[in-house]
Amino acid sequence: PGLHIFAIALALEVSVGKTNTVVALNNSNVLLPCVFITCMGFQDLVFTWYFNTTELLILPPLPPQIYQGKIKNKATEPTLIKHNPRVEFVGSTTKKDNNISIVLNGVEFSDAGKYTCHVKNPREKNAQHNATLFLTVVHKMVETDNTVTLIIVGVVGGLIGLLILFMLIKRVVLFIIKKTQDGKKECLVSSSGNDNTENGLAGSKAEQKAPPKA
């Protein structure tokens, strides 16, 4: 029975996407993505967006809720329970992805922080799950990542270039050494051959100079 309940609890999953960080420009509108997945289906599912809170289940007091909606079933869109005037629901639950994303309008520096998307599904014995993302608000968008990437590429490229140069120099040096050794061998073979030839000729001459006397 314990394992069965554990399996049901894992059937509900909530995700905010591949990355849990969002960067927004001051005074702009920012999308806070969230989707949920359930293998058991859902009935009267309640989803809530929280801002800057870690304890979701301690009552009272309630943590700051910026949006809360209820979904009757798969064939219906969420109905609003409560929301912050600056928060707008932009998802859809009648489609395949069960999108419960929101948009925060007119972002301010005080809006930076942690946003938690929490889902509770009564059909799964009130199974609950949540996912968190972090919002950073900036005065000006700066592509620091590209600069860092270019620096890293430059450094790595320089190291690879030095390595290739070292290998080329090594090959040239080895080639010169080999040629030098081959030249010495040729010289040794050549001089040895000359000596043998000279010795042979000398021997022949000596034999010719000392013919047997009659």
- Closest contact, heavy atoms only, Lys70 versus Phe47: N-CE2, 4.4 Å
- Ignoring hydrogens and angles, state whether a donor on the side chain of Asn98 or Lys74 is under 3.5 Å from an acceptor on the partner side chain. yes
- Backbone of Cys34 reached by a side-chain donor or acceptor of Ser101 within 3.5 Å: yes
- Message: Show, in sequence, the C-alpha distance, side-chain angles and deciding distance for Asn27 and Glu108, and conclude whether the side-chain contact (heavy atoms from CB on, under 4.5 Å) test is met.
- Response: CA-CA 6 Å; Asn27 203 32; Glu108 302 172 357; over 6 Å; no
- Query: Does Trp49 offer a backbone N or O that forms a donor-acceptor pair with the side chain of Thr116 under 3.5 Å?
  - Reply: no
- Task: Please round to the nearest 0.5 Å and tell me the distance separating atom CG of Leu32 and atom CD1 of Ile102.
- Result: 4.5 Å
- Item | Reported CG-to-NZ distance for the pair Asn26 and Lys140, which is rounded to 0.5 angstrom | 14.5 Å
- Query: Does Val87 share a hydrophobic cluster with Val137, counting links as ILVMFWY side-chain heavy atoms below 4.5 Å and allowing steps through other members?
  - Reply: yes
- Task: Return the orientation label for the Phe89 and Tyr67 ring planes: parallel under 30°, perpendicular over 60°, tilted otherwise.
- Result: parallel
- For a side chain to side chain contact (heavy atoms under 4.5 Å, CB included) with Tyr115, tell me which candidate from Thr132, Val22, Ile66 qualifies. Ile66
- Rounded to the nearest 0.5 Å, what separation is found between the CG atom of Asn130 and the CD atom of Gln128? 8.5 Å
- State yes or no: do Val119 and Leu133 share one hydrophobic cluster built from I, L, V, M, F, W and Y residues joined by side-chain heavy-atom distances below 4.5 Å, directly or via other members? yes
- Query: With a 4.5 Å heavy-atom cut-off, do Glu77 and Ser92 have their side chains touching?
  - Reply: yes
- His118 and Val14: side-chain contact (heavy atoms from CB on, under 4.5 Å), yes or no, with the steps? CA-CA 8 Å; His118 180 261; Val14 179; over 6 Å; no
- Quick one: do the Thr48 and Gln65 side chains pair a donor with an acceptor below 3.5 Å? no
- Message: Test your reading of the model: is there a side-chain donor-acceptor pair from Asp111 to the backbone of Thr136, 3.5 Å cut-off?
- Response: no
- Please work out which of the three classes, parallel, tilted or perpendicular, describes the rings of Phe109 and His139, given edges at 30° and 60°. parallel
- Going from CG on Leu104 to CG on Leu135, what distance comes out if it is rounded to the nearest 0.5 angstrom? 7.0 Å
- Where Met40 and Glu124 come nearest, the two heavy atoms and their spacing: CB-CG, 3.6 Å
- In Å, rounded to the nearest 0.5 Å, how long is the span from OG1 of Thr79 to CD1 of Ile81? 6.0 Å
- Distance-only, no hydrogens or angles: does the Arg86 side chain make a donor-acceptor pair with backbone N or O of Asn105 under 3.5 Å? yes
- Task: Please say which of Val46, Ile71, Leu45, Thr94 ends up in a side chain to side chain contact (heavy atoms under 4.5 Å, CB included) with Pro78.
- Result: Ile71
- Given the rule that I, L, V, M, F, W and Y join up when any side-chain heavy atoms are under 4.5 Å apart, are Val103 and Leu80 in one cluster? no
- Message: Side chains of His83 and Gln68: any donor to acceptor distance under 3.5 Å?
- Response: no
- Task: Would you indicate whether the side-chain heavy atoms of Ile100 and Cys117 approach each other to under 4.5 Å?
- Result: yes
- If two hydrophobic side chains count as joined below 4.5 Å and joins carry through other members, does Val16 share a cluster with Phe36? yes
- Distance col, row His129:NE2 vs Lys120:NZ, nearest 0.5 angstrom, shows 15.5 Å
